[in-house]
Asks: 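The structure is given below, and queries will be raised subsequently.
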Amino acid sequence: MDKYSYIANAHGNYIDQLYRSYKQNPDSIDASWKHFFEGFDFSLDYLAQNGGAANGAATVTAGIDLKKEIKVRDYIFAFRGRGHLIAKTNPIRPRRDRRALLDLKDFDLTEEDLDTVFQSATAVLGRPGTLRELVAALHKIYAGKIGFEYMYMRDPEMVAWFKNKVEKEYLVYAPSDEEEKRILKKLNEAVVFENFLHTKYVGQKRFSLEGGENTIVALDAIINRSAELGAEEAVIGMAHRGRLNVLVNIMGKTYEQVFNEFEGNIPHGEAYGDGDVKYHMGFSGEVTTYSGKKIMLQLVPNPSHLEAVNPVVEGYARANIDTVYNKNEDKIVPILIHGDAAIAGQGIVYEVVQMSKLAGYYTGGTIHFVINNQVGFTTDFEDARSSIYCTDIAKIVDAPVLHVNGDDPEAVVFAATLAAEFREKFNHDVFIDMVCYRRHGHNESDEPRFTQPKLYSLIENHPTPREVYVETLAQRHKTDRVDYTKQLDKEFREMLQDRLNMVKQKAIEYKFPKLEIEWEHLRRSVPLDFEKSPETGISRETIEKVAKALTTFPEGFTPLKQIATLINNRKKMFFETQLLDWASAELLAYGSLLLEGKIVRLSGQDVERGTFSHRHVIITDANSNEPYCQINHIAEGQAQMQVYNSLLSEYAVLGFEFGYALANPHALVIWEAQFGDFANGAQVMIDQFISCSETKWQRMNGLVLLLPHGYEGQGPEHSSARLERFLQLCADYNMVVVNITQPANFFHALRRQLTWEFRKPLIVMSPKSLLRHPKVVSPIEAFVKGHFQEVLPDNFAEAKEVRKLLFCSGKIYYELLDKQQKDNRKDIAIVRIEQLHPFPAKAVHYEISKYPKAKAYWVQEEPENMGAWTYINSMYKYDKIDYIGRKAAASPATGYYKVHNKEQAEIIEKAFA
């Protein structure tokens, strides 16, 4: 039971030796003993009073009850580690008994010891004190309105800093008059705004903050303190609960804009897409804090999928750290606002927390704020998690947690300020768990008593956080605060009513969220943009510069034998055959962009080497194990490529890269899946963000997804990138989907991403076996001139003889080509559709017109209910087109290699029958 009971049994001589070592060098002994000795006043005077040895040295244990002192010390340590279990953090109901074992009897101490002076009390009181004084102090610090969890942190500096803040500052914390007024002002805004909406728009969904209004006080304090510490921007991610309140009372969105949305007025006068509900929208603006500092605030738009926005916020912050703030993570603060059920239940939270210290995803620490309603929709918290706290995820990265009573705004402000200071000091994640309640149901038309009748009988009669605070101030004899609050209430309600009257008289013009300066020179796309791609070729001089870097080892570098062979082959491609394979074309695209000063960021599982060992953008010295990135040594002044092998995650990593691309439209941001079908582990990001952010939130994004795709007999999980799912999501030019067969076309597709005057996500069905196919090469000339080709024509058939026109996309083309050339079939033409969406209708029509006597077929290796067939059949407007491919199937591919080969051969035979 007692972690430190062994100390009480320690031999006195041993303790004497430890003490002497401590006096010579305090850091030479174990930290727990060091703290133990710090708690005593072992001065020479004290030793003299208790008698000493002839040489002037006294026994440490002389004159004291060592066992009792150690028990008191254990009591202090226990409160630091377990005091949070009895802290008064729940504003609605008593806490469950978590067996904290913090009674005096648990330490063999009794009431008879209360008035005994103990040296150990120095650790908390700063001086020897009675046990009674110590008990009172520990209860005030650790069992009050904040429960501090931090003793599990393994960094001694962090623990010491946190302990000092808690035991020295919180013990004497009291807000100034101005701070009290600020708290009242923000609390009043939060409470009255919710009440006003509740009375004016009865039954309308708004996912109110009622019961958790001190969220506004907390955010105000976090932003203010962060700005004081040098932050110039905060980027916030949150779900729908309380979002409207945050928008108006933190972000600076006008009240009339929100009323306009409640009135149902829609934007007009420009293309605004499909839009989204008001509690999903993003917002940005510069605000001035109450300490006079200016700070830019970004609230990232998000879907209903809880916690999905988290990695987007982190990626957004990292992009600005890399560019706007010159690698200084202290200049921007990521803030994630969670619900208690979501933070405990959504796996994306674990992924994002696990990313927090990784080089490719580090953002200098995130402040996590939990609006803990103690219920998730209709689910009680004991059914929502196995852990004691919803924030126990914090322990995986040694992040401290502050559990705070949501009815005590002063405690909330202290916790918020402490979190901001901790993040700035250590660039480490920190969690605030504000325990509060949800006054209404999940939404305002929901009846919570169906499932939580007892809880809601307590909530129904519970005063608002503002009423609780005003009563607290009145008990402090600050009766003027009551009048001040009434005045605030009256003035704020009148202002809200005036704004509402204005909107009802005349709908205000809808204003889209202002785009950051990086986006100002970009425009929205129009259909004409997709009829022909822009020129994306590069000079021979650029090719030679990039080629030299890609084929040069630094002095003293010892490559592995296989790498030496690969680089030698690459050198032959560039300087002898002048035919580039897939990897060379890809790296040439990156290098050319780096020379233009543009960021290229590539992230995903094993991307440095490439799943199929083709890329090797990072090579490693065989002797020293030191990595080297050749492409970052093309020329002085070039941009640096960022290449990161990711953690084994799809969902969070893809979300991070989406956020990065959202912040920086001038960076080529790429996520590569290990195999294409692994992208379905990130399906929420694809469905809710990538495919529709422009039409929902007016936010363009140029993220590139490389999804290895192709049927080579590797079974159900390593064949298909689920092309059909991406095509099903396509409409209104929302994203670009390609299945490319030529290295030069891939090169142009990548460069086109940053050449366009707008941004679109690019989904690439990238090759596997084609990476080393002898025919999958492109001449140097194809990189100097030209552009992306949406359709590639047949160069073998005789047009007047053609009776069969085969359309296809991707790897199957080379199998068809082999058959065509082997059998000398001049009567069959094979046309590749390299870009499936936006569909190149004019180019396809032109190819059809070349073969007036031909019957058209679509050939694919995917099953009939997968791949591009359904999409092609719906887009083909010219004549009937027939299907050649595998039959419909529940699984993407067979697991039997012989069956695969038989099916593949049948497709080719049927195409040429």
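Quantities reported herein were computed from a predicted structural model and do not represent experimental measurements.
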Asks: Can you check whether Leu171's main-chain N or O pairs, donor with acceptor, with Lys140's side chain at less than 3.5 Å?
Replies: yes
Asks: Before we go on, tell me: are the rings of Phe259 and Phe196 under 6.0 Å apart, centre to centre?
Replies: yes
Asks: Between atom CD of Glu210 and atom CG of Leu197, what is the distance when rounded to the nearest 0.5 Å?
Replies: 9.0 Å
Asks: What do you reckon, is NZ of Lys168 surrounded by more than 12 foreign heavy atoms closer than 6.0 Å?
Replies: yes
Asks: Looking only at non-hydrogen atoms, find the nearest pair between Leu662 and Val300 and report the distance.
Replies: CD2-CG1, 4.4 Å
Asks: Are Val192 and Arg466 side-chain neighbours, meaning at least one heavy-atom pair lies under 4.5 Å?
Replies: yes
Asks: Verify whether one side chain among Gln298 and Asn320 offers a donor that lies under 3.5 Å from an acceptor in the other.
Replies: no
Asks: Among residues at least two apart in sequence or on other chains, which ones pass ring pair (Phe, Tyr, Trp, His ring centres under 6.0 Å) with Tyr255?
Replies: Phe193, Phe492
Asks: So which of Phe689, Tyr651, Tyr316 actually passes ring pair (Phe, Tyr, Trp, His ring centres under 6.0 Å) with Phe658?
Replies: Phe689
Asks: Show your working on salt bridge (charged side-chain N to carboxylate O under 4.0 Å, His left out) between Glu179 and Arg182 and close with a plain yes or no.
Replies: CA-CA 5 Å; Glu179 288 171 334; Arg182 180 68 181 185; over 6 Å; no
Asks: Could you walk me through whether Lys185 and Glu189 pass salt bridge (charged side-chain N to carboxylate O under 4.0 Å, His left out), step by step?
Replies: CA-CA 6 Å; Lys185 181 178 183 297; Glu189 290 172 356; 2.6 Å; yes
Asks: Lys293 and Glu228: salt bridge (charged side-chain N to carboxylate O under 4.0 Å, His left out), yes or no, with the steps?
Replies: CA-CA 7 Å; Lys293 302 288 186 180; Glu228 288 178 340; over 6 Å; no
Asks: Answer with yes or no whether the side chains of Asp322 and Tyr660 bring together a donor and an acceptor at under 3.5 Å.
Replies: yes
Asks: Can you name the nearest heavy-atom pair linking Glu307 to Ile343, along with the distance?
Replies: OE2-N, 3.5 Å
Asks: Taking all non-hydrogen atoms of both residues, which atom of Glu167 and which atom of Ala123 are closest, and how far apart?
Replies: OE1-O, 3.6 Å
Asks: Do His338 and Phe369 make the cut of ring centroids closer than 6.0 angstrom?
Replies: no
Asks: With the threshold set at 4.0 Å, does a side-chain nitrogen-carboxylate oxygen contact exist between Arg493 and Asp489?
Replies: yes
Asks: Calculate, to the nearest 0.5 Å, the distance between atoms CD and OG belonging to Gln354 and Ser649 respectively.
Replies: 10.0 Å
Asks: Which pair of non-hydrogen atoms, one from Leu473 and one from Glu410, has the smallest distance, and what is that distance?
Replies: CD2-OE2, 4.3 Å
Asks: Donor-acceptor pair, Glu169 side chain versus Val166 backbone, under 3.5 Å?
Replies: no
Asks: Would you call Arg481 and Asp177 a salt bridge, taking side-chain N to carboxylate O under 4.0 Å as the test?
Replies: yes
Asks: Between Gln374 and Cys436, is there a donor-acceptor pair closer than 3.5 Å when you use the side chain of the first and the backbone of the second?
Replies: yes
Asks: Might you point out which heavy atoms bring Ala143 and Lys88 nearest each other, and give the distance in Å?
Replies: O-NZ, 3.0 Å
Asks: Between Tyr389 and Glu149, is any side-chain donor less than 3.5 angstrom from a side-chain acceptor?
Replies: no
Asks: Picking from Asn310, Thr391, Asp429, what satisfies side chain to side chain donor-acceptor pair (under 3.5 Å) with His368?
Replies: Asp429
Asks: Between Gln257 and Glu261, is there a side-chain donor-acceptor contact under 3.5 Å, judged purely by atom types and distance?
Replies: no
Asks: Go through it in stages, so that I can follow the logic: the residues are Asp392 and Lys395, the test is salt bridge (charged side-chain N to carboxylate O under 4.0 Å, His left out), and I'd like the CA-CA distance, side-chain angles, deciding distance and then a yes or no.
Replies: CA-CA 6 Å; Asp392 280 348; Lys395 293 181 174 67; 2.8 Å; yes
Asks: Could you check whether any side-chain N or O of Asn427 sits under 3.5 Å from a backbone N or O of Gly364, counting only pairs where one atom can act as donor and the other as acceptor?
Replies: yes
Asks: Where do Tyr361 and Ser646 come nearest, in terms of heavy atoms and distance?
Replies: OH-CB, 3.0 Å
Asks: Going by distance alone, is a donor N or O of one side chain under 3.5 Å from an acceptor N or O of the other, for Glu314 and Thr366?
Replies: yes
Asks: Do side-chain atoms of Thr89 reach the backbone of Ile146 as a donor and acceptor pair under 3.5 angstrom?
Replies: no
Asks: Within the supplied structure, the quantity of interest is the number of heavy atoms (other residues, nucleotides, ligands) at a distance under 6.0 Å from Lys490 NZ; does it exceed 12?
Replies: no
Asks: Main chain of Ala411, side chain of Asp408: is a donor-acceptor contact present, judged purely on distance under 3.5 Å?
Replies: yes
Asks: Please check if the side chain of Asp433 supplies one atom and the backbone of Val370 the other of a donor-acceptor pair under 3.5 Å.
Replies: no
Asks: Does the side chain of Asp407 come under 3.5 Å of the side chain of Asn214 through a donor N or O and an acceptor N or O?
Replies: no
Asks: Could I get the full list of side chain to side chain donor-acceptor pair (under 3.5 Å) partners for Asn245, not counting sequence neighbours?
Replies: Glu194, Asn249
Asks: Using a strict cut-off of less than 4.0 Å between a Lys/Arg side-chain nitrogen and an Asp/Glu carboxylate oxygen, indicate whether Arg476 and Glu180 qualify as a salt bridge.
Replies: yes
Asks: Return the orientation label for the Phe79 and Tyr142 ring planes: parallel under 30°, perpendicular over 60°, tilted otherwise.
Replies: tilted
Asks: So, Phe431 versus His403, ring centres under 6.0 angstrom or not?
Replies: no
Asks: Taking atom types as modelled and ignoring hydrogens, do the side chains of Asn224 and Ser291 form a donor-acceptor contact shorter than 3.5 angstrom?
Replies: yes
Asks: Within the distance-only criterion (no hydrogens, no angle test), does the side chain of Arg318 pair as donor or acceptor with the backbone N or O of Val313 below 3.5 angstrom?
Replies: no
Asks: What class does the angle between the rings of Phe414 and Tyr170 fall in, given that below 30° is parallel, 30 to 60° is tilted and above 60° is perpendicular?
Replies: tilted
Asks: When you compare the side chains of Gln475 and Thr472, does any donor N or O come within less than 3.5 Å of an acceptor on the partner?
Replies: no
Asks: Are Lys425 and Glu421 ion-paired here, with the side-chain N under 4.0 Å from a carboxylate O?
Replies: no
Asks: Would you call the rings of Phe162 and Phe422 parallel, tilted or perpendicular, where under 30° means parallel and over 60° means perpendicular?
Replies: perpendicular
Asks: Are Arg423 and Glu329 within salt-bridge range, i.e. N to O under 4.0 Å?
Replies: no
Asks: For the atom pair OH (Tyr469) and CG (Leu184), what is the distance rounded to the nearest 0.5 Å?
Replies: 5.5 Å
